[in-house]
Each structure stands twice: as C-alpha cells, then as structure tokens.
Protein chains: 2
Amino acid sequence: MNSFTEENYIKAIYKLIESEGDTISTNAIAEKMNTKAASVTDMLKKLFAKKLINYQKYQGVTLTAKGEKVALNIIRKHRLWEMFLVEKLDFKWDEVHDVAEQLEHINSDKLIEQIDKFLNFPKVDPHGDPIPDAKGKLNIPKSQLLSKFNKSDVCIMTGVVDHSAAFLQYLDKSGIALGNEIKIKDVVVFDRSLQITINKRNTLFISNDVAKNILVILKPQP
Amino acid sequence: MNSFTEENYIKAIYKLIESEGDTISTNAIAEKMNTKAASVTDMLKKLFAKKLINYQKYQGVTLTAKGEKVALNIIRKHRLWEMFLVEKLDFKWDEVHDVAEQLEHINSDKLIEQIDKFLNFPKVDPHGDPIPDAKGKLNIPKSQLLSKFNKSDVCIMTGVVDHSAAFLQYLDKSGIALGNEIKIKDVVVFDRSLQITINKRNTLFISNDVAKNILVILKPQP
DNA sequence: AATATTTTTTAGATTAGTCTAAAATATTAT
DNA sequence: ATAATATTTTAGACTAATCTAAAAAATATT
Ligand SMILES: [Mn+2]
Ligand SMILES: [Mn+2]
Ligand SMILES: [Mn+2]
Ligand SMILES: [Mn+2]
C-alpha cells in the first residue's frame with residue numbers, strides 16, 4: 001500500500017498540522033524528517049499523486065481526508081504498541097517510543113485489533129495521548145498546561161508535551177506520574193516556577209519550563 | 001546493521017542449507033526468494049563483502065559463523081512472535097506466518113527478551129519447530145516422518161514439514177494436532193497410505209503425501 | 001518599487017535492490 | 001574430447017529515496 005517512508009512523511013505532516021496549524025511548509029517537514037527540502041518536494045509530488053495530501057507548488061501542504069485516515073491509523077498502531085510494551089512487557093514509558101516507531105509499520109488488521117482487545121481497549125497511551133479508534137476517530141482530551149494554573153489550584157496530571165526520555169526520566173525521579181494529584185502551593189512571580197505537592201505527600205519545586213510540558217485537568221470536585 | 005532484504009536472503013540461505021545440505025546454488029536462492037538469478041548474484045557479492053557468507057564465483061554459497069548467527073536470530077524472533085500470536089492473541093497456527101515475516105525484522109533486543117519471558121521461555125513454536133536461544137543455540141529435535149513407521153507403532157506428533165495454511169487447516173479439520181498420540185492401525189501396501197487412530201478416539205485414513213509431512217517421535221514407554 | 005534574502009523547486013547524481021539480455025563458465029551428453 | 005545445454009555472472013537499465021548545487025518563486029527590507 002504505502003511504503004514505510006511514505007507512512008513516516010504522512011505522520012510527520014499530521015503532527016505538524018496538529019501543533020503548528022493549517023498548512024505546512026516544505027522546510028518544516030524537512031526539519032521534522034531530518035532530511036533536505038529537495039527530498040521533501042519529491043515526496044510531496046508522490047503523496048499528491050496518491051491523493052494523500054493537498055499540494056500546490058510553493059503553497060504548502062495539508063492532508064486530504066484519505067491522508068488523515070492513514071495518519072490516524074499509524075498513530076493508533078504506535079500508541080497501542082506503546083501501551084502493550086508498558087502494560088505487558090515491563091517497558092518504562094521513556095523506553096517505548098523507538099520500538100513503537102518500528103512496530104507502527106507492521107501491516108495486519110487482525111494483529112492490531114487483537115492487541116487492542118488484549119489491552120482491554122485502552123483510551124490513552126502511556127504518555128496520556130489519546131488512541132484513535134479503528135475508524136480513525138480521535139477523542140481529543142481538553143487538558144491544559146500546568147503552567148497556566150495559579151496558587152492553590154488542584155489538578156490531575158493527564159499527559160506530557162515533551163516526550164523525550166530525558167524529560168520522562170526527570171518526572172520519574174521527581175515522583176510525578178500520570179493520574180497524580182498536583183496541588184500548586186506557590187507561584188514564584190519572577191520566573192513562574194512552581195512549588196507543588198504531589199498526591200498530598202511530597203512537595204517540590206519545578207521550573208516554568210517543566211510546568212509548560214505537563215498537561216493537567218482541574219481536579220473534578222466530588 | 002543488515003537491511004530487511006539482506007536478512008531475508010540470509011534466512012533463505014540458512015533454510016536451504018538446512019533442507020538441501022551443504023552448498024547452495026544461485027538458482028535455488030532465486031527460486032526461494034521469488035527473484036532472478038542476476039539479483040541473487042548481486043546480493044551474494046554484498047553478503048560476501050560483509051563476511052556473512054562464503055562465496056566464490058560459480059561455486060555456490062555457505063554461511064559463515066557470523067551469517068549463521070544472524071540467521072538464527074531472525075528465526076528466533078520469527079518463532080517467538082508466532083508463539084506470541086497463538087498463545088496471547090488467539091491467532092490460529094495457519095494465520096501466524098505472514099505477520100511473523102514482518103515482525104521478525106523488528107530490531108530491539110529488549111523487546112525479544114521480554115517476549116520470550118512473557119511466553120515463559122517456550123522451546124518450540126506453534127508448528128513444533130525449535131526456538132533458538134538468545135545465544136543462537138538450537139536444540140534440533142530428533143523427530144521422524146510418520147510415513148517411516150509401521151503397523152501398530154504408536155507415536156506422538158511433534159511437528160509438520162509443510163507449513164502451508166492449506167495443510168495446517170487440513171490437519172485441524174482432521175483433528176490432528178501437536179502432542180496427539182497417533183497409532184498406526186494399518187498400512188496399505190499399494191500406496192503406503194495409513195489408517196491411524198488419534199488419541200485412541202477417532203480413526204481416519206491419510207495419504208502417504210500427508211504422512212510425509214507429519215513429524216513424530218515414538219511414544220515413550222512408561 | 002527595486003533589491004536582498006529566504007524558501008521552494010528543478011536538475012543531475014548516488015545507492016539499494018531489482019530486472020532483461022548477453023557473455024562466461026560449468027555440466028551433461030554424445 | 002567436443003558439442004549441446006544449463007547455470008551463473010556481467011552489463012546496462014529501472015525505481016524509490018536520498019543528496020548537492022543551481023534556478024525559480026515568494027517574502028522581506030530598504
Ligand atoms: Mn511515541
Ligand atoms: Mn515510523
Ligand atoms: Mn513461520
Ligand atoms: Mn522476513
């Protein structure tokens with residue numbers, strides 16, 4: 001169907017649209033794919049010919065409905081495999097991404113449906129990212145950045161922005177994990193660093209840089 | 001390390017040596033890989049340069065120790081994945097091969113060691129084929145063809161020669177499965193077809209062609 | 001509005017893997 | 001031992017994906 005490489009381009013375009021908005025430049029894709037603009041242009045022609053993207057010379061790129069469906073299917077596989085690795089094979093959340101990058105290209109509908117079932121149809125992956133369903137429907141959760149909240153707000157951690165191993169390991173070491181209650185004890189006005197209490201137990205300081213990479217929802221009042 | 005394609009050539013050469021013996025011809029590889037002799041020659045030069053095969057023009061091919069190690073690692077992954085699919089994801093034994101052909105190329109030592117552990121270190125795959133250990137050591141079981149046995153011998157089924165979905169489905173339909181006791185009730189002299197009894201229950205006829213594709217050991221006397 | 005800078009595309013090569021057709025070598029038959 | 005046949009290798013070409021360098025187009029600056 002689509003080659004390994006085509007799939008990676010489609011996924012990169014999807015992710016760029018998700019974070020940067022509407023139309024995506026050749027250079028942005030080149031940077032994300034660690035390749036050169038000339039290579040991207042070649043691939044854009046091919047993806048356009050396959051009706052996976054909307055593309056006109058010099059005008060940037062969007063995904064067609066068909067392209068978006070392909071992207072969501074790859075993301076579905078990626079996130080289900082990450083969940084499988086963490087839940088069943090004792091991988092840590094900072095170890096799964098590179099293996100999932102390979103596994104997401106395995107082509108077998110039965111395999112991915114059985115993995116989904118085996119995991120009991122999870123809604124989010126180990127980083128709190130939502131898993132598209134088999135039809136490509138994605139439930140976007142309405143989390144916000146922890147850095148947006150104020151003194152004495154109480155939140156529940158739902159996800160991360162930065163997925164790097166370094167950041168995830170920092171959270172582990174600090175005892176900050178998905179589902180934890182995060183209470184803001186204090187906000188330093190100067191640099192917007194935070195003093196927070198995790199699960200009413202340990203209190204620590206985190207920088208604004210860190211707070212901008214933690215996704216939370218306000219704790220629902222019982 | 002080695003490309004997807006190189007891995008498939010190495011595996012094909014290993015399998016040919018296993019079944020045909022010592023040195024393998026260019027044409028034999030071409031047939032197994034569904035490609036042309038000219039393409040094989042090109043690849044042989046590359047594998048030789050990587051010291052994975054012993055090769056001299058017109059003289060046929062064998063694997064080096066290094067090449068054999070690579071082959072056994074791919075086979076280990078293939079068979080562990082097949083076991084995983086059958087044991088954990090409810091695949092049938094005739095459905096696993098094509099997916100395992102893809103999964104065998106996933107590159108992650110931790111992944112395959114965890115799968116092995118998750119399956120509780122199986123010794124054989126769903127077709128009774130032995131699984132090489134992490135060091136590439138393979139326990140070759142001393143099974144024989146059911147067609148070699150005689151009237152009133154009692155055997156235990158340990159494997160199959162033909163791995164095709166058609167043959168495996170035929171065995172399912174006939175109620176013949178790994179581990180079953182097969183007693184030879186009668187041998188037709190004319191065509192060496194057999195009347196057999198499975199697990200002391202149902203009796204049926206199988207052709208010599210079928211018997212030549214079923215691996216067994218003599219039932220150990222208690 | 002004209003010029004400078006940045007972005008994007010084209011042109012032309014390169015590498016991995018494949019193919020067909022032709023040449024070289026090995027094997028088999030006479 | 002020669003000739004016929006089969007096998008294997010080489011030569012040259014193709015596709016997918018990549019690259020560098022140059023040209024074209026768009027954008028920003030004066
Ligand atoms: Mn990931
Ligand atoms: Mn990928
Ligand atoms: Mn198999
Ligand atoms: Mn394979």
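Small disclaimer: the values here were computed from a predicted structure and weren't measured. Letters A, B, ... mirror the listed sequences (proteins, then strands); counts begin at 1. Both backbone and side-chain heavy atoms feed into the values below; hydrogens, waters and symmetry mates do not.
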Is there a side-chain polar atom (N or O) of [X] under 4.0 Å from OP1 or OP2 of [N]?
X: B:Ser3; N: C:dA16; answer: no
X: B:Asn27; N: D:dT8; answer: yes
X: A:Lys57; N: C:dT7; answer: no
X: A:Lys45; N: C:dT9; answer: no

Of all residues at least two apart in sequence or in a different chain, which pass the side-chain contact (heavy atoms from CB on, under 4.5 Å) check with [X]?
X: B:Phe190; value: B:Val188
X: A:Pro122; value: A:Leu80, A:Met83, A:Asp116, A:Leu119, A:Ile131
X: A:Val160; value: A:Trp93, A:His127, A:Met157, A:His163, A:Phe167, A:Leu168, A:Leu171

Protein-nucleotides 20-25 of chain C N/O pairs under 3.5 Å:
unit_1	atom_1	unit_2	atom_2	d
C:dT20	OP2	B:Lys36	NZ	3.1
C:dT25	O4'	B:Tyr58	OH	3.4

Worksheet item: In terms of the nearest nucleotide of DNA chain D, which residue is placed more toward the 5' end: B:Val40 or A:Gln59?
Response: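 The residue whose closest nucleotide sits nearer the 5' end is B:Val40.
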
Worksheet entry | With B:Ser19 via side chain to side chain donor-acceptor pair (under 3.5 Å) - residues at least two apart |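 Scan of B:Ser19 (side chain to side chain donor-acceptor pair (under 3.5 Å), adjacent residues dropped) gives none.
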
Whole-Å distance separating the [atom1] atom of [X] from the [atom2] atom of [N]:
X: B:Leu44; N: C:dA16; atom1: CG; atom2: P; answer: 16 Å
X: A:Glu6; N: D:dT15; atom1: CD; atom2: P; answer: 15 Å
X: A:Met43; N: C:dT9; atom1: CE; atom2: C1'; answer: 16 Å
X: A:Asp42; N: D:dT20; atom1: CG; atom2: C1'; answer: 13 Å

Fill in: Pairs meeting criterion side chain to side chain donor-acceptor pair (under 3.5 Å) with involvement of residues 130-146 of chain A, two or more places apart
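Every pair satisfying side chain to side chain donor-acceptor pair (under 3.5 Å) with a residue in residues 130-146 of chain A: A:Ser143-A:Thr158.
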
Discussion item. Over all strands shown, is A:Thr41 touching base, sugar-phosphate only, or nothing at heavy-atom distances under 4.0 angstrom?
Written reply: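 Here A:Thr41 touches the bases of the nucleic acid.
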
Worksheet item: Under 4.0 angstrom, heavy atoms only, what part of the nucleic acid is A:Phe4 near: base, sugar-phosphate, or nothing?
Response: nothing

Worksheet item: Does A:Phe84 have any ring-ring contact (aromatic ring centres under 6.0 Å, His included) partners at least two apart in sequence or in another chain, and if so, which?
Response: A:Trp81, B:Phe84

Worksheet item: Residues from residues 8-23 of chain B sitting under 4.0 Å of DNA chain D, heavy atoms only?
Response: none

Could you tabulate the donor-acceptor pairs under 3.5 Å formed by side-chain atoms of residues 34-41 of chain A, not counting sequence neighbours?
unit_1	atom_1	unit_2	atom_2	d
A:Thr41	OG1	A:Ala37	O	3.2

Discussion item. Can you confirm whether A:Lys148 is buried at NZ, in the sense that more than 12 heavy atoms of other residues, nucleotides or ligands lie under 6.0 Å from that atom?
Written reply: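 At most 12 heavy atoms, drawn from other residues, nucleotides or ligands, come within 6.0 Å of this atom.
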
Discussion item. Looking only at the side chain of A:Thr26 (C-beta and beyond, no hydrogens), which of the listed nucleotides C:dT8, D:dT10, C:dT10 gets closest?
Written reply: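 Of the options given, the side chain of A:Thr26 lies nearest C:dT8.
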
Fill in: Base-paired stems that DNA chain D participates in, counting runs of 3 or more Watson-Crick or G-U pairs under 3.5 Å
C:1-30 with D:1-30

Practice prompt. Run through B:Lys11, B:Glu82, B:Arg79 and flag the one making a side chain to side chain contact (heavy atoms under 4.5 Å, CB included) with B:Glu104.
Written response: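 Exactly one candidate clears the test, B:Lys11.
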
Practice prompt. Would you please name every residue forming a salt bridge (Lys or Arg N to Asp or Glu O under 4.0 Å) with A:Lys88, sequence neighbours left out?
Written response: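 Here no residue qualifies.
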
List, one per line, each side-chain donor-acceptor pair under 3.5 Å for residues 105-113 of chain A, sequence neighbours excluded.
unit_1	atom_1	unit_2	atom_2	d
A:His105	ND1	A:Glu7	OE1	2.6
A:His105	NE2	A:Asn8	OD1	2.9
A:His105	NE2	A:Glu101	O	3.3
A:Ser108	OG	A:Leu111	N	3.0
A:Lys110	NZ	B:Glu95	OE1	3.1
A:Lys110	NZ	B:Glu95	OE2	3.4
A:Glu113	OE1	A:Arg76	NH2	2.9
A:Glu113	OE2	A:Arg76	NH2	3.3

